[in-house]
> 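Here's a structure for you.
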Amino acid sequence: MRKQLSALASVTALLMVTTALPAAAAVPPTPRITGTVASGFQSPWGLAILPDGSALVSERDTARIKHVTAAGVVRQIGTVPGVRHGGEGGLLGIAVAPTFGTDRLLYAYHTASGDNRVVRMTYNGTSLGTPQTVVTGIPRANIHNGGRLAFGPDGFLYISTGDAGTTSNAQNPNSLGGKILRVTPTGSPAPGNPSGTRVYSLGHRNVQGLAWDEGKRLWASELGQNTFDELNQIRPGGNYGWPTCEGTCTDTRFINPQATWSTAQASPSGLAFASNTLWMAALRGQRLWAIPIKDGARDGSPVASFTNQQGRLRTITPAADGSLWLISETNGTILRVVLG
């Protein structure tokens, strides 16, 4: 009887220990490259999916926009006027308006002679219309031009900017540099912005990727200086610390990143969300990072794929067929990536 009671106590204790263990961290699905969607691009940067499943690609150095069918047929549709390429500047991010089905509007971020700016133009299925200026006055330089455009679940346009090599821009509320901006489709400050201006968050060095998770929370990938690159969950009015902080710091005025990497491992660019995971393209790191996400926070360790196999990875975007389309800047290609 004593042995039975002892055994019962041991089993009970084991059950208590087992139920007290924390839930295991998520493991992201395994990505596989199943082929090349299209090739022959020069300095490809932006990638926007159209309602019919085809896509538009911007070329930084040539200022050209090309159309890519789902079958991979590539056709040039126009050149954006006024683009001044130099260093990291040129024709950068593009975004298709959520109202494209009725107004045919396409947005583009580019470096001009005196600033970085956002323009919009129509795309009638054959060619581009005359650009209309939406936002001007974003600081420009040979480095740190930001450039990512994305329409959020709220229908407003989000714009990532860099500090343009002047670190004080990031903390200056009167500068559009080193910020994430949130504007209406015509470029005005979006209703509900924390300061009543176009600024949605500040203290950024050079944000290159924007994506929303299943809870409509905004995430951003950001290039550090010499030590730490960052993945941040963006809060309205949040200050992310640059230039005081690079990576995690103890200053309570600033929001710490959800994940950091050495610049050799990442130097991140485009960002996409799929299968409860953020997918982050890495330039210098030449790999695709998978970061599992749950309830607005990182839920496990980042996992790298394709390391040193496809060159510098610039942009990643969910495609209409359920795959991810991934731009290799080095190879001038769009790769098809499937998960699991």
> Quick one: are W261 and S267 in side-chain contact, heavy atoms under 4.5 Å?
no
> Please evaluate residues V37 and L335 with respect to the criterion side chain to side chain contact (heavy atoms under 4.5 Å, CB included), reporting the C-alpha separation (whole Å), side-chain torsions for both, the decisive distance (0.1 Å), and the verdict.
CA-CA 5 Å; V37 176; L335 305 168; over 6 Å; no
> Once salt bridge (charged side-chain N to carboxylate O under 4.0 Å, His left out) is applied, what residue pairs with a partner in residues 97-109 remain, sequence neighbours excluded?
none
> Are any of the side-chain nitrogens in E59 or K66 under 4.0 Å away from the carboxylate oxygens of its partner?
yes
> Could you tell me which non-hydrogen atom of M280 sits nearest to which non-hydrogen atom of A266, and how far apart they are?
CE-CB, 4.2 Å
> Would H67 and S54 count as having a side-chain donor-acceptor pair, cut-off 3.5 Å?
yes
> Taking salt bridge (charged side-chain N to carboxylate O under 4.0 Å, His left out) as the definition, give me every residue that meets it alongside D154, ordered by chain and number, with sequence neighbours left out.
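So D154 forms a salt bridge (charged side-chain N to carboxylate O under 4.0 Å, His left out) with R182.
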> For residues Y158 and W212, establish whether the separation of their ring centroids is below 6.0 Å.
yes
> Would you mind listing every salt bridge (charged side-chain N to carboxylate O under 4.0 Å, His left out) that reaches into residues 250-269, with sequence neighbours excluded?
D251-R253
> My understanding is that only residues two or more places apart in sequence, or in another chain, count here; which of them pass side-chain hydrogen bond (donor to acceptor under 3.5 Å, both in side chains) with T277?
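T277 satisfies side-chain hydrogen bond (donor to acceptor under 3.5 Å, both in side chains) with no residue once adjacent residues are dropped.
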> Not counting sequence neighbours, which residues clear salt bridge (charged side-chain N to carboxylate O under 4.0 Å, His left out) with E329? List them please.
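Result, salt bridge (charged side-chain N to carboxylate O under 4.0 Å, His left out) vs E329: R312, R314.
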> Quick test of your reading: applying salt bridge (charged side-chain N to carboxylate O under 4.0 Å, His left out), list the pairs with at least one residue in residues 70-97, sequence neighbours left out, ordered by first then second residue.
none
